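Nothing fancy with the numbering, it's 1 onward along the sequence. In this text, all values refer to a predicted model and were calculated from it rather than measured experimentally.
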Amino acid sequence: MDETSVFSPDYTQSALGNLIRKGTSLAVCAKSREFRGQDFVMVENNLPSTGEASVGFTRWQVVLGHGHDKKVLFEIGRAASVELPATR
């Protein structure tokens, strides 16, 4: 998770792909199959409770390994450490 992409899902609507940690669960916001709204795909639902707090992230990655052996398997958003090219 990219800590610089944090937002409060209690005050801001989650966008598709956002990672949400609330209560004892971690979920990804996804397009609903039933209607035009959004749904949440549960990643884990037996984590230590956050109590009343909840947090969302707009940028996150699934990685395998660490350090020089780190392989990014999946990425949502653009990592904060990536510099964007200058626009003309």
Side-chain angles (χ1 to χ4, degrees):
M1 291 170 262
D2 181 348
E3 300 89 14
T4 65
S5 73
V6 70
F7 72 95
S8 174
D10 293 332
Y11 299 104
T12 305
Q13 183 175 2
S14 299
L16 299 179
N18 288 169
L19 190 65
I20 308 296
R21 175 76 163 92
K22 185 174 185 174
T24 61
S25 62
L26 179 66
V28 176
C29 184
K31 184 176 178 182
S32 175
R33 296 178 91 187
E34 302 298 321
F35 56 95
R36 291 187 164 177
Q38 299 169 338
D39 206 352
F40 289 91
V41 175
M42 196 66 57
V43 176
E44 178 64 55
N45 63 1
N46 197 20
L47 297 169
S49 179
T50 61
E52 297 295 318
S54 62
V55 65
F57 297 92
T58 60
R59 292 185 297 273
W60 55 276
Q61 299 176 332
V62 175
V63 299
L64 183 61
H66 61 284
H68 294 296
D69 296 327
K70 176 181 168 181
K71 304 269 191 234
V72 176
L73 303 177
F74 185 79
E75 182 177 20
I76 292 289
R78 185 177 293 276
S81 63
V82 174
E83 292 185 29
L84 298 175
T87 57
R88 295 180 182 196

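Between G17 and I76 the shortest heavy-atom distance is O-CG2, 3.5 Å. Contact record, V63 with K70: CG1-CE, 3.5 Å, taken as the closest heavy-atom pair. Between E44 and N46, the shortest heavy-atom contact is OE2-N, 3.3 Å. Nearest heavy-atom pair, L16 versus K31, reported as atom, atom and distance to 0.1 Å: CD2-N, 3.4 Å. The heavy-atom pair separating N18 from W60 by the smallest distance is C-NE1, 4.1 Å. In this structure, D10 and S54 approach most closely via the heavy-atom pair OD2-OG, 3.0 Å.
Two different hydrophobic clusters hold I20 and L47 under the rule that ILVMFWY side chains link at heavy-atom gaps under 4.5 Å. Under a hydrophobic-cluster definition in which Ile, Leu, Val, Met, Phe, Trp and Tyr are linked whenever side-chain heavy atoms come within less than 4.5 Å, directly or via other members, V28 and V62 are assigned to the same cluster. M1 is not connected to V72 by any chain of hydrophobic side-chain contacts under 4.5 Å among Ile, Leu, Val, Met, Phe, Trp and Tyr, and they are in different clusters. Taking hydrophobic clusters as Ile, Leu, Val, Met, Phe, Trp and Tyr residues chained together by side-chain heavy-atom distances below 4.5 Å, F74 shares a cluster with L19.
Judged purely by atom type and a 3.5 angstrom limit, T24 has no side-chain atom pairing as donor or acceptor with the backbone of P48.
The distance from the CD atom of E3 to the CZ atom of R59 is 10.5 Å, given to the nearest 0.5 Å. Annotation: the span from Q13 atom CD to Q38 atom CD amounts to 5.0 Å, rounded to 0.5 Å.
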Item to check | Worked verdict on S14 versus F40 for side-chain contact (heavy atoms from CB on, under 4.5 Å) | outcome: CA-CA 10 Å; S14 299; F40 289 91; 4.2 Å; yes
